[in-house]
Engineer: 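My questions all concern the structure below.
Being a predicted model, the structure only gives us computed values, none of them experimental. The chain is numbered in sequence order, starting from 1.
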Amino acid sequence: MSWLPLSFGAPMILWGLLALPVIWWLLRLTPPKPQAEIFPPLKILARVLRREETPQQSPWWLTLLRLLMAALVVIALAEPVFNPREKLPAEGSALALVIDNSWASAADWGKRVATAERLIGDAGSNGVPVVIAFTAEKSNAEIGPFEAAAALDRLRAAKPRPIPTDRPAVYARVAATLERLSGASVAVLADGLAANGDDAAFKTLLEKNASRLVWVTSDRLAVTGLTGADNQVDGFALTAIRAPGDPAPAQVTAGAFDDKGRRIADTTLTFAPGEATATGTMAVPFELRNDFASIALDGEHQAGAVRVLDESSKRRRVGLLSQAEADQAQPLLSPLYYIRRALQPFADLVEPSSADLADAIPQLLDQKPAMIIMADVGTIPEQVRPRLVDWVNNGGTLVRFAGPRLAAGGNDDDLLPVRLRSGERALGGALSWTTPQAVTEFPKNGPFADLSPPSEVTVSRQVLAEPTPDIVERTWATLADGTPLVTGMKKDKGTLVLFHVTPEATWSSLPISGSFVEMLRRVVQLSRNQGAAVANAEAKAVSLPPYRMIDADGLLAPPSPDARPLVPGAGPLPVTLENPPGLYGSETGVFAHNLLNAASTFAPLARPQISLPVTTIPYAFDESENLKGPLVAVALLLMVLDTLAVFWMGGLLSRRPRRAAATTAAAAVVIVLGGLFGHADLARADDSKPGDAQAIEDISKTRIAYVITGEPGVDSISRAGLEGLTRFLVEKTALEPGPPAGVDIAKDELSFFPLIYWPIDATAPMPSQAAIARIDAYMQQGGTVLFDTRDQFSNGIGADAASPATERLRDILANLNVPPLEPVPSDHVLTKSFFILPEFPGRFNGSPLWVEASLDASNTENRPVRVGDGVSPIMITANDFAGAWAVDENGDPLLPTVPPDPMQRVYALRAGVNIMMYMLTGNYKSDQVHVPVLLERLGQ
């Protein structure tokens with residue numbers, strides 16, 4: 001039983017909904033809740049007896065709640081499913097899943113796995129074994145059959161590979177397994193790309209033992225690949241491909257990245273309607289192009305959209321130099337004509353503006369070329385020769401062509417790879433006994449080893465090399481008579497190369513042959529520091545180890561355990577699991593092995609034409625949702641609500657303390673009366689005065705006050721110091737004071753503050769008599785003023801020659817009722833109200849803290865704590881407490897201590913804590929110290 005978008009796994013249970021009327025009738029017979037009644041008792045008994053005879057109905061909302069709860073339980077047991085999916089055909093003797101996990105499946109791999117999970121789940125519910133195979137895995141991988149749970153484990157452990165499919169081999173293995181499972185259903189989860197051998201592979205898989213085909217494919221082939229990235233004269237030319245026949249135009253953005261993954265250039269490629277190829281150019285300077293390490297298409301998370309680049313993709317700046325004057329009328333006779341034509345496609349050519357070698361060579365070197373070609377250049381001027389030699393030793397490649405000037409110039413061991421004989425050798429002339437020589441096989445130790453010798457090239461004149469023991473090692477090309485045609489050698493980090501013929505077609509036909517272009521290209525590759533290793537490796541056909549691989553998502557990653565060394569060769573190399581796409585080699589040189597090449601195309605995979613029943617389904621996530629769990633959760637929530645409702649009806653939730661009830665009732669009466677009397681009474685009740693809000697704020701929290709002296713520097717230090725003390729109090733004690741308050745003693749209310757810190761400054765105005773009288777009243781009413789002259793290193797308060805601050809303090813105290821003072825005794829409660837302190841330092845140390853003297857403390861043994869009742873109304877110090885307490889917004893000290901001792905600041909903060917505890921607790925601390933004496937007197 002099912003209907004969209006809801007279906008039930010056990011629809012017969014829904015007949016249980018017919019029991020809801022019976023449940024409703026039973027719930028309406030709920031007994032009443034207990035009710036409290038007031039006298040007379042006989043009336044209570046009569047009412048109780050009458051209601052016991054007639055049961056009372058439950059409230060309608062409670063009945064509805066319980067009916068809904070019962071209905072939810074019944075519907076949940078019927079296993080409802082929202083947005084149900086159609087059950088897939090996973091029947092027969094087995095289910096064979098053949099899954100393409102190639103690079104083209106990486107972009108939507110999660111959707112493919114979800115589709116395969118549904119197929120395996122349906123096969124498991126039918127008790128059908130599962131054969132599962134992946135077309136981009138090793139040929140010897142186990143494929144089953146498995147139980148559904150084991151097949152799911154293998155599916156979830158699989159991942160896409162950055163290689164093409166191998167359908168013929170995998171389909172043959174699956175077909176061999178199905179020979180024992182005749183009548184199996186075969187599900188093909190293809191990547192949508194056609195490949196060679198597909199027809200034969202489908203024929204092998206489906207013709208013999210399959211009973212049904214489940215064809216799973218995407219709606220359309222949406223992959224885009226990058227088939228070319230050529231470094232040309234004006235920029236990097238890119239070529240992208242897509243599936244043919246797409247009528248919609250499309251644009252893709254390609255980005256270039258350096259070897260650290262930084263994006264350094266981009267361009268847009270446009271597909272015309274119906275076109276499968278798009279091209280674009282990254283027009284950036286060649287210096288920047290040489291930093292390209294990879295190029296990728298944005299938004300394409302697969303290996304076909306990425307191309308890695310090696311040294312063959314990097315252009316080199318090549319300097320050209322010749323001593324011959326260019327003949328515009330006869331350009332073919334120019335020494336540089338054929339060199340330009342050969343190098344222009346893959347190098348950036350620069351030439352000096354001067355024909356004088358003394359100026360021309362520095363001009364070329366200033367442009368930092370990778371290679372310099374000298375066409376028949378004789379002797380190098382001495383003033384520029386050291387600089388040219390240094391350039392070669394530091395990695396430059398110098399290529400020289402022979403000619404009359406070079407033959408007459410003599411030997412140069414620093415700028416020639418071999419020593420030359422004097423003069424030149426003519427072959428096939430009227431006075432010669434020999435004929436023009438052909439080029440023979442290229443030596444295996446040179447960069448031209450894999451080139452075929454040009455049979456059409458002949459040499460009629462050359463410069464000869466002196467025979468030396470190492471001439472064979474330095475020979476890169478030879479003539480049929482064994483004489484060198486091209487020689488070369490490494491010199492420190494650079495390379496010296498000599499063509500023993502001229503660069504124009506006067507001594508040989510080599511410059512007008514195709515081999516000349518390829519030979520120069522190989523030499524250009526040698527001019528790169530990183531290209532030398534790879535070029536030599538190619539020449540020797542040495543395998544290159546995997547260095548950085550392209551994974552299935554198009555990202556560069558370390559090599560996998562399956563990767564094996566690659567042997568470079570001519571033509572495109574196959575991409576396999578052992579040789580995945582990526583970079584091969586090492587840090588000294590790499591070879592780029594890409595997935596797609598210039599001949600690659602995308603062709604959609606066509607469904608095979610067979611006589612078997614075929615079910616076609618798309619890749620999709622399972623959007624169905626089982627509602628059993630949510631319905632059970634809602635039913636449990638309703639059960640909790642029902643329980644709370646029963647408690648509320650029983651009076652358990654309405655029992656409150658009578659005082660709270662009376663308070664609530666009184667508040668309600670006040671609100672009602674206020675509403676009856678209207679706005680006039682409300683206005684009359686509002687008798688607030690200016691300053692009440694500030695007074696409420698001052699008494700809401702304990703706050704420490706400081707006297708505003710009118711000096712900005714003094715007042716800012718006072719505030720910062722009290723803020724630092726407040727932070728310390730919060731950290732170390734249970735007291736959480738409010739922010740410190742600055743008070744004007746002439747007009748602000750002082751009684752809100754237990755302690756007022758008064759920094760004495762001689763430059764501040766003298767307080768008025770009225771202000772001093774207010775301070776005197778504050779002290780008489782229990783407040784304490786902490787006077788701080790901050791002049792420890794001036795004269796103290798009792799000295800004959802006092803400091804200006806002390807003189808000002810004397811003037812202030814002269815108008816106050818000051819009690820007798822004494823330094824804090826060692827047994828005073830201030831020394832132990834919180835911390836045990838022998839002294840009270842501030843930013844300075846040495847000045848005593850003066851407090852009210854205790855006149856009745858002669859018997860120190862029976863009264864170990866001085867001043868047992870009350871607190872001292874006045875304290876005086878010269879140690880600058882606020883300077884030691886002051887901190888900035890980050891909690892760092894503002895002023896240094898004198899002497900600079902970190903512990904002095906800690907002791908100063910502790911002194912502040914003791915003063916605050918002493919102020920707030922009064923004689924409580926004294927009585928606590930008296931407890932042992934009191935207990936002893938009581939005989940306990």
Side-chain angles (χ1 to χ4, degrees), residues 690-691 694-695 697-699 702-723 725 739-792 794-799 801-821 842-844 847-853 871-883 885-886 912 915-916 919:
Q694 182 63 39
E697 181 182 355
D698 290 339
I699 64 174
T702 301
R703 304 175 69 188
I704 312 173
Y706 64 94
V707 174
I708 299 176
T709 63
E711 295 292 330
V714 176
D715 294 342
S716 61
I717 293 298
S718 297
R719 183 170 188 83
L722 296 188
E723 286 178 350
L725 178 59
V743 295
D744 184 351
I745 60 174
K747 59 182 180 179
D748 289 339
E749 180 59 49
L750 307 179
S751 60
F752 299 141
F753 309 104
L755 176 68
I756 297 177
Y757 177 78
W758 191 339
I760 303 300
D761 189 87
T763 61
M766 178 68 183
S768 64
Q769 293 296 327
I772 295 178
R774 297 181 83 241
I775 287 290
D776 190 58
Y778 167 77
M779 295 169 57
Q780 296 298 325
Q781 294 169 5
T784 298
V785 180
L786 174 56
F787 293 96
D788 193 340
T789 59
R790 304 172 295 120
D791 58 352
Q792 161 59 24
S794 301
N795 294 325
I797 189 172
S803 67
T806 302
E807 289 291 347
R808 175 58 59 85
L809 176 61
R810 289 176 178 176
D811 295 339
I812 294 173
L813 297 182
N815 299 310
L816 294 176
N817 294 314
V818 180
L821 302 178
R843 195 163 75 93
F844 310 126
S847 171
L849 177 63
W850 295 81
V851 296
E852 181 183 3
V871 295
S872 175
I874 185 173
M875 298 182 187
I876 301 175
T877 184
N879 285 335
D880 191 6
F881 280 165
W885 299 337
I915 291 172
M916 280 303 298
M919 295 304 307

Engineer: Quick check on side chain to side chain contact (heavy atoms under 4.5 Å, CB included): which of Asp788, Thr806, Leu813 does Ile876 satisfy it with?
Structural biologist: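 Option passing the side chain to side chain contact (heavy atoms under 4.5 Å, CB included) with Ile876: Leu813.
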Engineer: Would you compute the distance between atom CZ of Arg790 and atom OG of Ser847 and round it to the nearest 0.5 angstrom?
Structural biologist: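 Arg790 atom CZ to Ser847 atom OG measures 13.0 Å (nearest 0.5 Å).
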Engineer: Would you compute the distance between atom CD of Glu723 and atom OH of Tyr706 and round it to the nearest 0.5 angstrom?
Structural biologist: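 These two atoms lie 8.0 Å from each other.
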Engineer: Contact between Ile772 and Met766 at the side-chain level, heavy atoms closer than 4.5 Å - yes or no?
Structural biologist: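 Of all side-chain heavy-atom pairs linking Met766 with Ile772, at least one is under 4.5 Å.
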Engineer: Looking only at heavy atoms, what is the nearest atom pair of Asp761 and Glu711, with distance?
Structural biologist: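 Shortest heavy-atom contact: OD2-CG, 3.8 Å.
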Engineer: How long is the span from the CE atom in Met919 to the CE atom in Met875, to the nearest 0.5 Å?
Structural biologist: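 So the CE of Met919 and the CE of Met875 are separated by 5.5 Å.
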Engineer: Just jot down the ring-ring contact (aromatic ring centres under 6.0 Å, His included) partners of Phe787, sequence neighbours excluded, or say none.
Structural biologist: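 With neighbours one apart ignored, the set is Trp758.
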Engineer: Side-chain contact test, heavy atoms from C-beta onward, threshold under 4.5 Å: evaluate it for Ser872 versus Thr784 and give yes or no.
Structural biologist: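 Not touching, per the 4.5 Å side-chain cut-off.
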Engineer: Where the side chain of Asn879 meets the backbone of Phe881, is there a donor-acceptor pair that is under 3.5 Å apart?
Structural biologist: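 Absent.
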Engineer: Counting C-beta onward and ignoring hydrogens, is there a side-chain heavy-atom pair between Thr789 and Ser803 closer than 4.5 Å?
Structural biologist: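 With C-beta onward as the side chain, the pair stays apart.
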Engineer: Nearest 0.5 Å please: distance from the CD1 atom of Ile915 over to the CG atom of Leu786.
Structural biologist: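 The CD1 atom of Ile915 sits 5.5 Å away from the CG atom of Leu786.
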Engineer: Got Asp748 and Ile708 here, is their nearest side-chain heavy-atom distance under 4.5 Å?
Structural biologist: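 Result no, sub-4.5 Å side-chain heavy-atom pair not found.
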Engineer: Side chain to side chain contact (heavy atoms under 4.5 Å, CB included), that's the test. Do Ile775 and Asn815 meet it? Break it down for me.
Structural biologist: CA-CA 10 Å; Ile775 287 290; Asn815 299 310; over 6 Å; no
Engineer: Only one of Asp744, Val785, Val707, Ile756 forms a side chain to side chain contact (heavy atoms under 4.5 Å, CB included) with Leu750, so which one is it?
Structural biologist: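 Filter result, single survivor: Ile756.
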Engineer: Compile the donor-acceptor pairs under 3.5 Å between side chains in residues 715-722 and protein atoms, sequence neighbours left out, one pair per line.
Structural biologist:
residue, atom, partner, partner atom, Å
Asp715, OD1, Thr709, N, 3.0
Asp715, OD1, Thr709, OG1, 2.9
Asp715, OD2, Gly710, N, 3.2
Ser716, OG, Pro712, O, 3.1
Ser716, OG, Gly713, O, 2.9
Ser718, OG, Val714, O, 3.0
Arg719, NH1, Pro740, O, 2.9

Engineer: State, yes or no, whether a side-chain contact exists between Ile874 and Leu816 at a heavy-atom distance under 4.5 Å.
Structural biologist: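 Ile874 vs Leu816: side chains apart.
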Engineer: With a 4.5 Å cut-off on side-chain heavy atoms, are Leu755 and Met916 touching?
Structural biologist: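 Touching, per the 4.5 Å side-chain cut-off.
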Engineer: Which atom pair, heavy atoms only, marks the closest approach of Phe753 to Arg703?
Structural biologist: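 Closest pair (atom of Phe753, atom of Arg703, distance): CD2-O, 3.6 Å.
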Engineer: Looking at every heavy atom in both Ala805 and Asp791, which two are closest together, and how far apart are they?
Structural biologist: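 Looking at all heavy atoms of both residues, the closest pair is CB-OD2, 4.0 Å.
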Engineer: Kindly say whether Gly842 contributes a backbone atom to a donor-acceptor pair with the side chain of Asp880 at under 3.5 angstrom?
Structural biologist: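 Judged by distance alone, no pair lies under 3.5 Å.
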Engineer: Taking the side chain as C-beta and beyond, is there a heavy-atom pair between Pro873 and Gln780 under 4.5 Å?
Structural biologist: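 A side-chain contact is absent here, since even the closest heavy-atom pair is not under 4.5 Å.
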